[in-house]
Structure formats: structure tokens, C-alpha cells
2 protein chains.
Amino acid sequence: MGASKSDHFTEEQNELSILFKALGHPARIAIIQHILSTKSCICGDLVEKFPLSQATISQHLKELKYANIIQGTIEGNSICYCLNPQTLEKLNQVINHFIDSEKCKGTQCC
Amino acid sequence: MGASKSDHFTEEQNELSILFKALGHPARIAIIQHILSTKSCICGDLVEKFPLSQATISQHLKELKYANIIQGTIEGNSICYCLNPQTLEKLNQVINHFIDSEKCKGTQCC
DNA sequence: AAAGTAAATCGTAATATTGCAATATAGTAA
DNA sequence: TTACTATATTGCAATATTACGATTTACTTT
């Protein structure tokens with residue numbers, strides 16, 4: 001076998017892993033960076049920007065949406081995507097919690 | 001086809017995705033949380049703690065090591081793993097950069 | 001309505017990940 | 001050295017991800 005034993009882990013662990021997994025592909029990092037570098041929200045210009053087909057881009061966007069990292073609104077004929085600040089904030093808290101816990105330990109064994 | 005067009009993306013994008021991908025599995029999140037919750041570095045008690053075989057745990061540890069999230073030192077017969085603070089800090093910076101860029105945009109279109 | 005445009009979905013092939021039993025490796029203890 | 005213990009690696013099956021052409025859906029324009 002080889003998959004997702006998600007029942008064996010906590011709700012939080014599964015949630016977090018979905019979030020991180022969504023960020024675990026260079027194309028999706030590139031999409032996020034592109035959204036950040038664009039003043040307005042982005043629409044379908046990603047297909048021209050990246051060496052990936054429209055279908056593939058759409059699939060990556062779907063995953064980012066599923067993880068609540070981006071959100072889209074319909075804008076006439078096209079769709080406008082931008083980041084979800086709440087999810088970014090949550091991510092920030094998670095990492096900070098990691099760092100705080102690590103510092104708190106005070107052990108320096110490695 | 002169906003894989004890694006990593007040539008088409010920047011070094012940074014590939015690096016970041018490796019980092020996030022390593023965090024993109026509930027077992028690996030659980031391992032990290034366990035390391036954080038343990039005062040000293042952890043050794044092989046993970047196998048008893050999780051419903052996964054020794055081989056599987058070892059494989060997850062290997063991925064975390066590859067992404068530089070954990071580091072291990074040999075401690076007698078067993079191995080002692082703990083988190084790499086530098087990688088956590090890098091992760092923190094990345095997320096903060098995302099948040100800063102987002103705030104900087106000042107557009108509220110979604 | 002008909003044609004055009006943009007994004008999503010479907011079907012499918014290639015590849016990667018996950019998980020484990022079995023085995024190998026490396027150190028410890030007798 | 002031999003037995004023991006702990007972790008890593010190998011080989012393989014099951015599943016998931018990635019990518020894209022073709023198609024569908026939804027909206028716009030003529």
C-alpha cells in the first residue's frame with residue numbers, strides 16, 4: 001500500500017499537511033509569487049507567463065484554492081485570484097509556534 | 001508525463017517547494033510536533049508512538065533531513081534528531097515576506 | 001441566436017510518493 | 001567473536017500527483 005493514513009493523525013496534523021502540501025510544488029510557489037508581484041489580482045495571464053498548459057495551471061490553482069491559500073472572484077469573463085490573508089497569517093502562527101517551542105526547550109543536543 | 005518540470009522554475013522556487021513538500025504529510029507534521037514536545041532530542045521512540053512501521057518512519061525522517069528541517073547526531077546505538085533552527089527561521093522569513101508583499105499591494109479585490 | 005473567449009473538467013499516460021516486509025548496516029553488550 | 005539493538009536501505013505493490021489534449025461550462029460580444 002502507499003497512501004494517506006489520515007485517520008491515524010489528528011485533525012490539525014491533516015489540515016496543516018494539506019496547507020504545506022499545496023505549497024510543495026515549484027509551479028504553485030511561482031503562482032503565489034506572481035500574485036504577490038502583481039498590483040491587482042491576477043487573471044488568466046499565468047498561462048502565458050509559465051511553460052505549462054492552461055489545464056495544468058487550472059489544476060494548480062484548484063489545489064491552492066482547496067488549501068484556502070488563494071481565493072477567486074468572477075470578474076466578467078475571467079476570474080480574479082488573490083491570496084487569502086487569513087491563511088497566510090495562520091501559516092505564520094504555525095511557524096512561529098514551531099520556533100517558540102524550539103527555543104523554549106533550551107536543549108542544544110544536535 | 002507528469003512530473004517535476006523543475007528546469008522551468010527558479011532555484012528559489014524549487015528550493016522552497018522542497019521545504020514545503022517535506023512538511024506536506026501528516027506523519028511528518030506529527031514527527032515535528034513530537035520533537036518539539038520532547039525536552040531532549042528524540043530517538044527511536046517514534047516507532048512506538050505512531051502507527052507506522054520502522055521502515056516508514058525512517059523514510060519520513062530521511063525526507064525531513066533532506067529538506068534540512070531536522071538534523072541527527074549519532075548517540076551511542078541510536079540516533080538523536082532535532083529541528084534545525086535555521087531552516088525554521090528561513091521558513092518564517094518566507095512567510096513574512098509573503099505577508100508583507102500582500103499588505104504592500106493595498107488592493108482589496110477579492 | 002451564433003461566434004468568441006476564459007476557465008474548469010475529463011480522460012489518460014508518466015512519474016512520484018507512501019508503506020511495509022525483508023534485509024543490510026552499524027554500533028553495543030555478552 | 002557472537003548475540004543483541006537500533007536505524008537505514010532495498011524491493012515491490014498500492015496510491016497520488018503531475019501534465020496535457022480534448023471537451024465542457026459559463027460568460028461576452030456581435
Side-chain angles (χ1 to χ4, degrees), chain A residues 1-9 13-14 17-31 34-35 40-67 70-82 110, chain B residues 1-9 13-14 17-31 34-35 40-67 70-82 110:
Chain A
M1 279 154 272
S4 58
K5 290 201 165 184
S6 55
D7 327 347
H8 296 138
F9 300 101
Q13 285 159 354
N14 286 315
S17 68
I18 288 172
L19 190 53
F20 285 121
K21 190 163 66 174
L23 296 169
H25 192 286
R28 294 196 287 270
I29 294 288
I31 288 172
H34 185 252
I35 293 180
S40 64
C41 291
I42 57 105
C43 312
D45 52 349
L46 289 168
V47 180
E48 292 154 40
K49 188 100 182 178
F50 298 112
L52 295 170
S53 75
Q54 185 266 321
T56 303
I57 297 271
S58 187
Q59 214 170 281
H60 282 307
L61 289 170
K62 190 180 176 184
E63 275 207 62
L64 288 169
K65 249 188 296 180
Y66 175 69
I70 63 174
Q71 54 201 173
T73 47
I74 297 172
E75 187 120 323
N77 204 3
S78 53
I79 292 195
C80 163
Y81 282 112
C82 54
C110 296
Chain B
M1 280 151 270
S4 58
K5 291 198 161 186
S6 56
D7 327 348
H8 296 139
F9 300 100
Q13 286 158 354
N14 286 316
S17 67
I18 288 171
L19 191 51
F20 285 120
K21 190 162 67 175
L23 296 169
H25 191 287
R28 293 195 288 269
I29 295 288
I31 288 172
H34 185 252
I35 294 180
S40 64
C41 290
I42 57 107
C43 312
D45 51 351
L46 289 168
V47 180
E48 291 155 41
K49 187 101 181 177
F50 298 113
L52 295 169
S53 75
Q54 185 267 321
T56 304
I57 298 269
S58 185
Q59 214 169 282
H60 283 307
L61 289 170
K62 190 180 177 183
E63 273 205 64
L64 288 170
K65 248 187 298 180
Y66 176 69
I70 63 174
Q71 53 200 171
T73 49
I74 297 172
E75 187 119 325
N77 203 5
S78 54
I79 292 194
C80 161
Y81 282 113
C82 56
C110 293

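We name chains A, B, ... by the order of the sequence lines, and we start the count at 1 in each one.
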Inset, instruction - Compare all side-chain heavy atoms of B:Y81 with those of B:K65 and state whether any distance is below 4.5 angstrom. - result: yes

Inset, instruction - For DNA chain C, determine which residues of residues 55-63 of chain B have any heavy atom closer than 4.0 angstrom to one of its atoms, and list them numerically. - result: B:A55, B:T56, B:Q59, B:H60, B:E63

Inset, instruction - Quick one: do B:F9 and A:I29 satisfy side chain to side chain contact (heavy atoms under 4.5 Å, CB included)? Show the steps, please. - result: CA-CA 9 Å; B:F9 300 100; A:I29 294 288; over 6 Å; no

Legend entry - Spacing of A:E48 atom CD relative to C:dA6 atom C1', expressed in whole Å: 11 Å

For nucleotides 26-30 of chain D, tabulate all protein N/O to nucleotide N/O atom pairs closer than 3.5 Å, reporting atom names and distance.
from, atom 1, to, atom 2, distance (Å)
D:dC27, O2, A:N77, OD1, 3.4

Legend entry - side chain to side chain donor-acceptor pair (under 3.5 Å) against A:K62, all qualifying residues, sequence neighbours excluded: none

Inset, instruction - Please tell me which of the listed nucleotides, C:dT18, D:dC20, D:dA8, lies nearest to the side chain of B:I79? - result: D:dA8

Inset, instruction - Take the protein atom CD1 of A:I31 and the nucleotide atom C1' of D:dT18, then report the distance between them rounded to whole Å. - result: 13 Å

Inset, instruction - Grab the CZ-C1' distance between A:F9 and C:dG19 for me, whole Å please. - result: 11 Å

Legend entry - Smallest separation among heavy atoms of B:C82 and B:I35, with atom names: CA-CG2, 3.9 Å

Legend entry - d(CG, A:L52; P, D:dG21) in whole Å: 11 Å

Legend entry - Smallest separation among heavy atoms of B:A30 and B:F50, with atom names: CB-CE2, 3.5 Å

Inset, instruction - Take the protein atom CD of B:Q71 and the nucleotide atom C1' of D:dT7, then report the distance between them rounded to whole Å. - result: 18 Å

Inset, instruction - Please tell me if the side chains of A:I79 and A:T73 come closer than 4.5 Å, counting only heavy atoms from C-beta onward. - result: no

Inset, instruction - Give the rounded distance in Å between these two atoms: CZ of A:F50 and P of D:dT18. - result: 15 Å

Inset, instruction - Determine: side-chain N/O of A:S53 to OP1/OP2 of D:dC20, distance under 4.0 Å, yes or no. - result: yes

Can you give each donor-acceptor pair under 3.5 Å made by side-chain atoms of residues 51-61 of chain A, sequence neighbours left out, with the distance rounded to 0.1 Å?
from, atom 1, to, atom 2, distance (Å)
A:S53, OG, A:A55, N, 3.4
A:S53, OG, A:T56, N, 3.2
A:S53, OG, A:T56, OG1, 3.0
A:H60, ND1, A:R28, NH1, 2.9

Inset, instruction - Could you pull out the closest heavy-atom pair between B:I18 and B:A67, with the gap in Å? - result: O-CB, 4.1 Å

Inset, instruction - Using side chain to side chain contact (heavy atoms under 4.5 Å, CB included) as the criterion, list what pairs up with A:K49, not counting sequence neighbours. - result: A:H34

Inset, instruction - To the nearest Å, give me how far apart CG (A:L23) and C1' (D:dT17) are. - result: 16 Å

Legend entry - Base D:dA8 to side chain B:Q54, donor-acceptor N/O within 3.5 Å cut-off: yes

Legend entry - D:dA8 OP1/OP2 closer than 4.0 Å to side-chain N/O of B:Y81: yes

Inset, instruction - State whether B:K21 places a side-chain N or O below 4.0 Å from either non-bridging phosphate oxygen (OP1 or OP2) of D:dT17. - result: no

Inset, instruction - Specify the separation, in whole Å, of atom CD1 of A:I70 and atom C1' of C:dA7. - result: 12 Å

